[in-house]
Visitor: 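The structure's right below; bear with me while I get my questions together.
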Number of protein chains: 4
Amino acid sequence: MSRGINKVILIGNLGVDPEVRALPSGDSVANLSLATSETWTDKTSGESRERTEWHRVVLFGRLADIAAQYLHSGSKVYIEGKLRTRQYQAQDGGERTVTEVVVDVTGTLQMLDSRASGATERSGASESPSRSSPTTALPASRSTPARGRGRTNAQTKRAPTSDFDDAIPF
Amino acid sequence: MSRGINKVILIGNLGVDPEVRALPSGDSVANLSLATSETWTDKTSGESRERTEWHRVVLFGRLADIAAQYLHSGSKVYIEGKLRTRQYQAQDGGERTVTEVVVDVTGTLQMLDSRASGATERSGASESPSRSSPTTALPASRSTPARGRGRTNAQTKRAPTSDFDDAIPF
Amino acid sequence: MSRGINKVILIGNLGVDPEVRALPSGDSVANLSLATSETWTDKTSGESRERTEWHRVVLFGRLADIAAQYLHSGSKVYIEGKLRTRQYQAQDGGERTVTEVVVDVTGTLQMLDSRASGATERSGASESPSRSSPTTALPASRSTPARGRGRTNAQTKRAPTSDFDDAIPF
Amino acid sequence: MSRGINKVILIGNLGVDPEVRALPSGDSVANLSLATSETWTDKTSGESRERTEWHRVVLFGRLADIAAQYLHSGSKVYIEGKLRTRQYQAQDGGERTVTEVVVDVTGTLQMLDSRASGATERSGASESPSRSSPTTALPASRSTPARGRGRTNAQTKRAPTSDFDDAIPF
DNA sequence: TTTT
DNA sequence: TTTT
């Protein structure tokens, strides 16, 4: 139950590969850096302008696993989640605030790229009764990205995440 | 035109009266602090839990004027806007980052309280051809809040906004 | 899983009390008739115009029970669901088509009226582990509407639904 | 201004080429048939099931022109519009009802396919000050579809629309 | 009628 | 840092 509605809908492209790590519980968490951009014509100068907005997106559980496997820098995705602002300790000892788009069991992730295009996943989807029973949509292997684009560091995607808990959130 | 979708939908209550100020151009800007909350039952302890999320909402132009006039602490509103993260100078000289929900000409504000309930405004609505021609939905006077609740500081709502540009964004 | 996004978001008022019936399985189904309206100024005549749109909303399971208990003609609600168009047999023997907004386990219902205001329910909410274990948010009794407004026919709300399967869908 | 919220968000693929016609005013109207689908596993049989939903989408003005030029059967699009149910005269003389997703000045169309991917258009976008001043995003020629896929009837896409007003709406 |  |  909730009081109020807190909903974010994004369509954009990843600026980097997903950063994925495992929680102590064994569940996965994935962080995405997602770009949306606007272009407009400046009223006075008549020049074309563009502004790119970068969104921090956090995926949990099954969606984090899907992100780890199928998403990479450049991937276009549809995201439905909610806003969460939290405090964290900065390296200078001070407290900082960051706002993220959290995609949990109530959210949605859909890949919009060519081939993979169109597969929406909901964390709480009934067709995935247990985490120990991966569906065809979520094969166990993480080592084969959906669209390689010549990337050779697929395996290292999860390696450097040990420093993901550091003070700087991204 | 834009590349991607950047959309936020909120329903929540204001935690304080809107903070409204005038831009050099004469246009108004209003800042809202909007709460949404979730309650859930902790899986392990079985206890009821609640988390309140506070959202910074920024309204421009006509919507800022409407906020100034009709909204106050406790007001329930529907908001449709977009995420914008920007940097600002903190008082300690360092740079800070804040994420806001911006409601501009493409967004929506709707008051959901009893009497005022249901009036949606879009900044770019065609029935408001010019700022100098207020509609009946936007009477010129700012001094009478829609639901007084005994508030006597209606006029002061715009007064203390001179320091709104300060380093601390809220 | 799904291919594509099919999402409807409505805020409006019920035009009549919910029509609720039980499925053979024992689950409830509730039908709402929900109004949204637009007003605009005619460009040529300058006259003020209004158009009211009536939406057929179908709720299942726990949300249907909540509708039965708490909603009535005039209630303001937030609805998140999906479009479904289906065929049915008209009384003249011909086939007709109707489009509804279906609010199932992936959807949301939130009451926006004064007192009850703000309670959002998701059908698949984890705090409601089983249908046989009603939560405090969903007391078993259906006889006490949240806001009586002097209504005395609370019990009859489910009575006349026997003809709900008829050819005319509303 | 409006009372209530009436919003539809769709991501899906066109089942046929857009049907485009000109209004007496000279403005364009485009009709899309858009598919979204869900797949799930039947709880009892364990079988995989799929249901495809077909949406009638109506675009006006500039968005209709864009649809005429750039969209075709198979195109994937993001749509933001509103529900409108209207009556029309059937060929048997009876009255029928149809529900459509109307994308007008307040709505959004974004093409999600490979190359064209990501270009969102809002009907009322300020960068298009007049219909007589087509932007680069909307070149005057209608004869060259963005992605030909060997289609040879590009020119005929607008030809057969003379019967678009017929009793059967699609 | 689309898509996977 | 993405995309066009």
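Quick caveat, the model's predicted, so the values are computed rather than measured. Below, each value reflects all heavy atoms present in this structure, side chains not excepted, and no hydrogens, waters or symmetry copies. Each chain gets a letter, A, B and so on, in the order the sequences are listed, and its residues count up from 1.
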Visitor: Report yes if the ring of Trp54(A) lies under 5.5 Å from the six-membered base ring of dT2(F) with planes under 30°, and no otherwise.
Guide: no
Visitor: What are the two closest non-hydrogen atoms of Thr85(B) and Trp54(A), and how far apart are they?
Guide: OG1-O, 4.5 Å
Visitor: Could you tell me how far apart Ile5(B) (CD1) and dT3(F) (C1') are, to the nearest whole angstrom?
Guide: 14 Å
Visitor: Looking only at heavy atoms, what is the nearest atom pair of Leu32(D) and Pro18(D), with distance?
Guide: CD2-CB, 3.6 Å
Visitor: Whole angstrom is fine here: how far is it from CG in Leu71(A) over to P in dT3(F)?
Guide: 14 Å
Visitor: Report the distance from atom NZ of Lys76(A) to atom P of dT4(F), rounded to the nearest whole Å.
Guide: 7 Å
Visitor: The side chain of Arg3(B) is closest to which nucleotide in this list: dT4(F), dT2(E), dT2(F)?
Guide: dT4(F)
Visitor: In whole Å, I'd like the distance from the CD atom of Glu19(D) to the P atom of dT1(E).
Guide: 14 Å
Visitor: Given atom OH of Tyr78(D) and atom P of dT3(F), what is their separation to the nearest angstrom?
Guide: 21 Å
Visitor: Salt bridge or not for Glu80(C) and Lys7(A), using N-O below 4.0 Å?
Guide: yes
Visitor: Send over the distance from Arg56(D) CZ to dT2(E) C1', rounded to a whole Å.
Guide: 16 Å
Visitor: State, yes or no, whether a side-chain contact exists between Leu83(B) and His55(A) at a heavy-atom distance under 4.5 Å.
Guide: yes
Visitor: Where the side chain of Asn13(A) is concerned, which of dT1(F), dT2(E), dT3(F) is the nearest nucleotide?
Guide: dT3(F)
Visitor: Would you say the base of dT2(F) and the side-chain of Thr52(A) have a donor-acceptor pair closer than 3.5 Å?
Guide: yes
Visitor: Do the side chains of Arg51(A) and Glu38(A) get close enough for a salt bridge, i.e. N-O under 4.0 angstrom?
Guide: no
Visitor: Counting only distance, no hydrogens or angles, is the base of dT1(E) paired donor-acceptor with the side chain of Ser33(D) under 3.5 Å?
Guide: yes
Visitor: Looking at dT4(F), dT3(E), dT1(E), which one has an atom nearest to any side-chain atom of Val16(D)?
Guide: dT1(E)
Visitor: Over how many whole Å does the gap from Ile11(A) atom CD1 to dT2(F) atom P extend?
Guide: 20 Å
Visitor: Test for a donor-acceptor pair under 3.5 Å between the base of dT2(E) and the side chain of Ser75(D), counting only N and O atoms.
Guide: no
Visitor: Between dT4(F) atom C1' and Glu50(A) atom CD, what is the distance in whole Å?
Guide: 8 Å
